[in-house]
K.L.:
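I'd like to ask you about the structure that follows.
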Amino acid sequence: MDLIKMTDAGRYADPATLCSTTCRQVLIWSDWEVAVSKAMYEVLRHLENVLRCTISERLAAHYERDDWWHAPRLRLTHGTTEKIEAATNRLCLHRIPMTPTNIQREVTLGFWVTLLGRGADYETQLWRPISSGFPGYHGRREPLHRRMDHLRLLRNKVAHQDRIGGRDLATDRRSVLTAIGYVSESVARHVTATNTALPMLLANRPEVCAQRPRGRS
């Protein structure tokens, strides 16, 4: 009982698989959730990397400076500049060199997704130079932003240790791979080939407790 309580394992279990509120099956669910979250994070990490690389490269070229966010003719929202300031503060705290590359590595996936939003006329200021970095995507900015924001929320659930086992994770994985493919088909193929843990985990979800009465829903 103490193990279940101290690990907060009950938050990760599917109630429909348990025989009681103290069923030790919750420990199996908890371990499975840790493994699933780790596997999903690996896929999302690739998405964050390709977004950072393609967006930063095109904005640096367009604004003719590696620290493109300081370009005089670029107007960013207060929320966007706050994210950059927070990143620089963290680098300063840990005495990491304040280079444009390090600053961009320090900001989160949410920062890059924000740049695809409406912002302060981001359609003109950012999307026009950025759009060439998504050769696999053919459409308007808004649907792309919605897809990326959906994946940002998923990433936050993983990072905050929320239960994700109740989601359609196979669809989530396909959505991440599709988003990666918008930037680079070769990276998407690489991630598909190497990220084998998640499909295996989804094929081996925890079973119903053997002590659960038959016919109980």
K.L.:
Considering residues at least two apart in sequence or located in another chain, which fulfil the side-chain contact (heavy atoms from CB on, under 4.5 Å) criterion with Asn204?
P.N.:
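None.
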K.L.:
Please name all residues satisfying salt bridge (Lys or Arg N to Asp or Glu O under 4.0 Å) with Asp31, sequence neighbours left out, ordered by chain then number.
P.N.:
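Salt bridge (Lys or Arg N to Asp or Glu O under 4.0 Å) list for Asp31, sorted by chain: empty.
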K.L.:
Could you check whether any side-chain N or O of Arg90 sits under 3.5 Å from a backbone N or O of Glu106, counting only pairs where one atom can act as donor and the other as acceptor?
P.N.:
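The answer is yes, because a donor-acceptor pair under 3.5 Å joins these two groups.
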K.L.:
Where the side chain of Asn89 meets the backbone of Glu85, is there a donor-acceptor pair that is under 3.5 Å apart?
P.N.:
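Checked: pair present.
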K.L.:
I need the minimum non-hydrogen distance between Val107 and Glu48, along with the two atoms involved.
P.N.:
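Scanning both residues completely, I find the closest heavy atoms to be O-OE2, 3.7 Å.
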K.L.:
Tell me, please, which residues at least two apart from Glu142 pass salt bridge (Lys or Arg N to Asp or Glu O under 4.0 Å).
P.N.:
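For Glu142 the salt bridge (Lys or Arg N to Asp or Glu O under 4.0 Å) partners, ignoring immediate neighbours, are Arg140.
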K.L.:
Is there a side-chain contact between Pro143 and Tyr137 in this structure, where contact means two heavy atoms from C-beta onward sitting under 4.5 Å apart?
P.N.:
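Yes, side chains in contact.
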K.L.:
Looking at Arg152 and Asp149, is any side-chain nitrogen of the basic one under 4.0 Å from a carboxylate oxygen of the acidic one?
P.N.:
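A salt bridge is present here (some side-chain N lies under 4.0 Å from a carboxylate O).
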K.L.:
Hey, does Asp67 have a side-chain heavy atom less than 4.5 Å from the side chain of Ile103?
P.N.:
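No, too far: nothing below the 4.5 Å cut-off.
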K.L.:
Ignoring hydrogens and geometry beyond distance, is a side-chain donor-acceptor pair present between Asn102 and Thr99 at under 3.5 Å?
P.N.:
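Yes - a donor-acceptor pair under 3.5 Å links their side chains.
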K.L.:
For Arg105, what residues pass the salt bridge (Lys or Arg N to Asp or Glu O under 4.0 Å) criterion, not counting sequence neighbours?
P.N.:
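Arg105 satisfies salt bridge (Lys or Arg N to Asp or Glu O under 4.0 Å) with no residue once adjacent residues are dropped.
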K.L.:
Looking at Ser56 and Gln104, what are the two nearest heavy atoms and their distance?
P.N.:
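Reported closest heavy-atom pair: CB-OE1, 2.9 Å.
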K.L.:
Distance check, rounded to the nearest 0.5 Å: Ile4 atom CD1 versus Arg11 atom CZ?
P.N.:
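Ile4 atom CD1 to Arg11 atom CZ measures 15.0 Å (nearest 0.5 Å).
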K.L.:
Does some side-chain heavy atom of Thr108 sit less than 4.5 Å from a side-chain heavy atom of Val113?
P.N.:
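Of all side-chain heavy-atom pairs linking Thr108 with Val113, none is under 4.5 Å.
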K.L.:
Tell me, with the steps shown, if Asp2 and Lys5 meet salt bridge (charged side-chain N to carboxylate O under 4.0 Å, His left out).
P.N.:
CA-CA 5 Å; Asp2 287 344; Lys5 181 178 180 180; over 6 Å; no
K.L.:
If we only count heavy atoms from C-beta on, is the Pro72 to Arg65 side-chain gap below 4.5 Å?
P.N.:
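The answer is yes, as the side chains (C-beta and beyond) meet within the 4.5 Å cut-off.
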K.L.:
Any link between Leu169 and Ile28 through a network of hydrophobic side chains (Ile, Leu, Val, Met, Phe, Trp, Tyr) touching at under 4.5 Å?
P.N.:
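Leu169 and Ile28: separate clusters.
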K.L.:
Taking atom types as modelled, is there a side-chain donor on Trp68 or Glu57 under 3.5 Å from an acceptor on the other?
P.N.:
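Side chains of Trp68 and Glu57: no pair found under 3.5 Å.
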K.L.:
Just to verify, what does Glu123 make a salt bridge (Lys or Arg N to Asp or Glu O under 4.0 Å) with, not counting sequence neighbours?
P.N.:
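So Glu123 forms a salt bridge (Lys or Arg N to Asp or Glu O under 4.0 Å) with Arg141.
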K.L.:
Check whether any side-chain heavy atom of Val208 lies under 4.5 Å from a side-chain heavy atom of Gln25, and answer yes or no.
P.N.:
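No - every pair of side-chain heavy atoms lies 4.5 Å or more apart.
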K.L.:
Is there a donor-acceptor pair closer than 3.5 Å between any side-chain N or O of Glu33 and the backbone N or O of Gly165?
P.N.:
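Yes; judged by distance alone, with no hydrogens or angles, the pair exists.
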K.L.:
Could you report the tightest heavy-atom contact between Thr124 and Pro129, atom names first, then the distance?
P.N.:
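Nearest pair, atom of Thr124 first, then Pro129: O-CD, 3.9 Å.
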K.L.:
What do the steps show when you test Leu126 against Asp121 for side-chain contact (heavy atoms from CB on, under 4.5 Å), and what is the final call?
P.N.:
CA-CA 8 Å; Leu126 301 180; Asp121 190 25; over 6 Å; no
K.L.:
Evaluate side-chain contact (heavy atoms from CB on, under 4.5 Å) for Leu76 paired with Gln125, printing each intermediate quantity in order.
P.N.:
CA-CA 9 Å; Leu76 297 174; Gln125 295 192 96; over 6 Å; no
K.L.:
Give the intermediate values and the outcome of side-chain contact (heavy atoms from CB on, under 4.5 Å) for residues Thr178 and Arg147.
P.N.:
CA-CA 10 Å; Thr178 297; Arg147 176 185 284 271; 3.9 Å; yes
K.L.:
Considering non-hydrogen atoms only, spot the tightest contact between Val43 and Ile180 and give its length.
P.N.:
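Of all heavy-atom pairs spanning Val43 and Ile180, the closest is O-CD1, 4.0 Å.
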K.L.:
Please say whether more than 12 non-hydrogen atoms of neighbouring residues, nucleotides or ligands are located less than 6.0 Å from CZ in Arg118.
P.N.:
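Not more than 12 within 6.0 Å, no.
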K.L.:
Locate the shortest heavy-atom distance separating Leu18 from Ala13; write the atom from each residue and the value.
P.N.:
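Result for this residue pair: CD1-CB, 3.9 Å.
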K.L.:
Got a donor-acceptor contact below 3.5 angstrom from the Ser175 side chain to the Thr171 backbone?
P.N.:
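No: the side chain of Ser175 does not pair with the backbone of Thr171.
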K.L.:
Will you find, in the side chains of Thr192 and Arg189, an N or O donor that is under 3.5 Å from an N or O acceptor?
P.N.:
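No - no donor-acceptor pair under 3.5 Å links their side chains.
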K.L.:
With heavy-atom distances below 4.5 Å as the criterion, would you say the side chains of Tyr63 and Arg73 are in contact?
P.N.:
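Yes, close enough: below the 4.5 Å cut-off.
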K.L.:
To the closest 0.5 Å, what do you measure between OG1 (Thr54) and OH (Tyr182)?
P.N.:
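Thr54 OG1 to Tyr182 OH: 14.5 Å, rounded to 0.5 Å.
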K.L.:
Donor-acceptor pairs under 3.5 angstrom involving side-chain atoms of residues 153-163: please list them, not counting sequence neighbours.
P.N.:
{"residue": "His160", "atom": "ND1", "partner": "Asn156", "partner atom": "O", "Å": "3.2"}
{"residue": "Arg163", "atom": "NE", "partner": "Tyr12", "partner atom": "O", "Å": "3.0"}

K.L.:
I need the Leu151 CG to Leu109 CG distance, nearest 0.5 Å.
P.N.:
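So the CG of Leu151 and the CG of Leu109 are separated by 8.0 Å.
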K.L.:
Under a plain distance cut-off of 3.5 Å, with no hydrogens placed, do Trp29 and Thr17 share a side-chain donor-acceptor pair?
P.N.:
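A donor-acceptor contact under 3.5 Å links the two side chains.
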K.L.:
Is there a side-chain contact between Asp14 and Pro206 in this structure, where contact means two heavy atoms from C-beta onward sitting under 4.5 Å apart?
P.N.:
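The answer is no; the side chains never approach within 4.5 Å.
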K.L.:
Over all heavy atoms of both residues, which pair between Met98 and Thr88 is shortest? Give the atoms and the distance, please.
P.N.:
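That would be CE-O, 3.5 Å.
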K.L.:
So, Thr80 versus Tyr122: side-chain donor-acceptor pair below 3.5 Å or not?
P.N.:
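Side chains of Thr80 and Tyr122: pair found under 3.5 Å.
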K.L.:
Take Gln211 and Cys23 through the test side-chain contact (heavy atoms from CB on, under 4.5 Å) and record every step on the way to the result.
P.N.:
CA-CA 9 Å; Gln211 316 233 347; Cys23 179; over 6 Å; no
K.L.:
Is a side-chain donor-acceptor pair under 3.5 Å present for His46 with Glu42?
P.N.:
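No - no donor-acceptor pair under 3.5 Å links their side chains.
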K.L.:
I'd like to check Lys83 versus Trp112 (side-chain heavy atoms, cut-off strictly below 4.5 Å). Are they in contact?
P.N.:
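A side-chain contact under 4.5 Å is absent here.
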K.L.:
Does Val34 belong to the same Ile/Leu/Val/Met/Phe/Trp/Tyr cluster as Leu44, with side-chain heavy atoms less than 4.5 Å apart forming each link?
P.N.:
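Each belongs to a different hydrophobic cluster.
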K.L.:
Just by distance, do the side chain of Thr81 and the backbone of His78 share a donor-acceptor pair under 3.5 Å?
P.N.:
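Checking the backbone N and O of His78 against the side chain of Thr81, a donor-acceptor pair under 3.5 Å is found.
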K.L.:
Just wondering, are more than 12 heavy atoms of other shown residues or ligands nearer than 6.0 Å to CG in Asp172?
P.N.:
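More than 12 heavy atoms, drawn from other residues, nucleotides or ligands, come within 6.0 Å of this atom.
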